[in-house]
Number of protein chains: 2
Amino acid sequence: MNTKYEQPGITVDLAIFTISNNKLKVMLIKRAEEPFRDTWSMPGGFLLHGESLEEAAHRVLCEKTGVKNVYMEQLYTFGDPKRDPRSRVITVAYFALIPWKELDQPESQKVADLTWSAVDGLPKLAFDHKIILNYAVKRLRAKASYSNIVYGLMPKQFRLSELQSMYEIIINDKLDKRNFRKQMLATGLLEETGKKDITGAHRPAMLYQFKKMEIAFFN
Amino acid sequence: MNTKYEQPGITVDLAIFTISNNKLKVMLIKRAEEPFRDTWSMPGGFLLHGESLEEAAHRVLCEKTGVKNVYMEQLYTFGDPKRDPRSRVITVAYFALIPWKELDQPESQKVADLTWSAVDGLPKLAFDHKIILNYAVKRLRAKASYSNIVYGLMPKQFRLSELQSMYEIIINDKLDKRNFRKQMLATGLLEETGKKDITGAHRPAMLYQFKKMEIAFFN
DNA sequence: TATACTAAGTGTATAATGAACACTAAGTAT
DNA sequence: ATACTTAGTGTTCATTATACACTTAGTATA
């Protein structure tokens, strides 16, 4: 390999989304080392020998969340020569969706170096992570409108009103209940479980689930 | 940098599309060196010191085509550990669109190590380039259906029938003339030039152009 | 135990959009 | 003058999207 060519470090950085308290949130890690020590950042890590990018992304995800089998896709690759002040580092950004219920850390019990931040109130972030996260939010919002990508944020079984609420939080707008139900059922992606959710002082709701845990596109 | 981390070579590889002879074609280069010597491959090259990914992609594009100011976007990053048999190389793939008329090499005068291959009849390709190109074609076809991305393939001024033909070639299907015209004009992205194309033994056609040379989304 | 409260669940009418379809117009060639 | 070629134009019908309000089935409480 000629020295005129770059041989940068490669990282994967993850935009890990969840919804809690009716807000779209993203996981942030407080950096323990320089540069940007004590600054919030996206969870990420260097690519290891022999590891594919997807493997690296899944490894980092599992390290930080303890969760496997979540929806994840490659987002974009950021390679500005000055994005890391130390040396050349190229990062391949991924975005992942996790149902809040599958995380073992309830919001109260948050550790000091990990937080879930609402996407419309991000703190100062290390490197170019604000650019990356804003790009990820844009992609998630766009994709929510023409696919069933929200399945990645749902528990296995859910009420239609919960599903509607997820959509509303992501696209940040209200939807009509009857039209939403008609459209969702018309996609053929949902099925009744037969079970009912009997919590709350009101009529019980049918619980639904996705037939396949796969992304599908509408239109 | 710790040795357990990868410091791979980084390349950019380009899916450069054009349309000629009513076919969607992609540029291929015959490799002069091992591995895959004498095998067709995507145009590409190693990232140079201090160069951003976009700069590298534009540099390679300009080296191969002599053309600047074309539509280009990042496609995907491919990082399988075994994708290059020599050593670890990660490639950031881009796709670019070039109007056939802007290329200075007419099809007759093709050089031996460069060709334009129809996308539905690709030869054997080096590395994972067939996977990358098929992915690029998929993206182009999808994007053609909900954006004006074809502007990247059009000359500055064109007949509506030419524009329709471009769409038909990309999506590989016939469109209704009257509906196509209605819809395209309804986007508000086109404007009449006032000039007419008087070639051919038939009624002259109004020449149109895009108001802005920017990608815009329908729906 | 009647009444209030809450979220679940359901249908219709109207507007907007998409799809199918055929002839006339304005040139050139013979 | 006639044939030929591509340009250019509207309407009807089907489908889809939108707006909108009441009844149902449970729990809580007075």
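Reckoned from all heavy atoms, side chains included, excluding hydrogens, waters and symmetry mates. Only a predicted model underlies this, so the values are computations on that prediction, with no experimental measurement involved.
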Between dC22(D) (P) and K177(A) (NZ): distance, integer Å: 14 Å

A205(B): partners by side chain to side chain contact (heavy atoms under 4.5 Å, CB included), with sequence neighbours left out: R159(B)

Given DNA chain C, 5'-ward residue of the pair N179(B) and Y208(A), judged by closest heavy atom: Y208(A)

Separation of dT17(C) P from Q183(B) CD (nearest whole Å): 12 Å

Nearest-neighbour nucleotide for the K182(A) side chain, dG11(C), dA20(C), dA7(D) considered: dG11(C)

Protein-nucleotides 26-30 of chain D N/O pairs closer than 3.5 Å?
residue : atom : partner : partner atom : Å
dG26(D) : N2   : A201(A) : O            : 2.6

P123(A) backbone acceptor or donor facing K130(A) side chain under 3.5 Å: yes

Separation between OG1 of T39(A) and CG of L28(A), rounded to the nearest 0.5 Å: 11.5 Å

Check: V92(A) main-chain N/O paired with T77(A) side-chain donor or acceptor under 3.5 Å: no

Nearest-angstrom distance from the residue atom CZ of F180(B) to C1' of dA7(D): 14 Å

Flag if over 12 foreign heavy atoms under 6.0 Å of NZ, K211(B): yes

From dC20(D), dG9(C), dG8(D), nucleotide with atom closest to M206(A) side chain: dG9(C)

R178(A) side chain near dC20(D) phosphate (N/O to OP1/OP2, under 4.0 Å): no

Sub-4.0 Å heavy-atom contacts from residues 160-174 of chain B onto DNA chain C, ordered by number: none

E191(A) side chain to F210(A) backbone, donor-acceptor under 3.5 Å: no

Interatomic distance, L175(A) CG vs dA17(D) C1' [rounded to whole Å]: 13 Å

Of the listed nucleotides dG9(C), dA19(C), dA7(D), the one nearest the side chain of A205(B): dA7(D)

Euclidean distance, atom CE of residue M184(A) to atom C1' of dA8(C) [Å, nearest integer]: 17 Å

I131(A) atom CD1: more than 12 heavy-atom contacts under 6.0 Å: no

Gap between atoms CG and P, on L185(A) and dA8(C) respectively (whole Å): 14 Å

N/O (side chain, R181(A)) to phosphate O (OP1/OP2, dG9(C)) under 4.0 Å: yes

Residue of the set I29(A), L14(A), L133(A), V26(A) for which side chain to side chain contact (heavy atoms under 4.5 Å, CB included) holds with M42(A): L133(A)

Spacing between F158(B) atom CZ and dA7(D) atom C1', to the nearest angstrom: 16 Å

Nearest-angstrom distance from the residue atom NZ of K195(A) to C1' of dA8(C): 19 Å

Steps toward side chain to side chain donor-acceptor pair (under 3.5 Å) verdict (S20(B), K25(B)): CA-CA 7 Å; S20(B) 78; K25(B) 295 184 179 176; 3.2 Å; yes

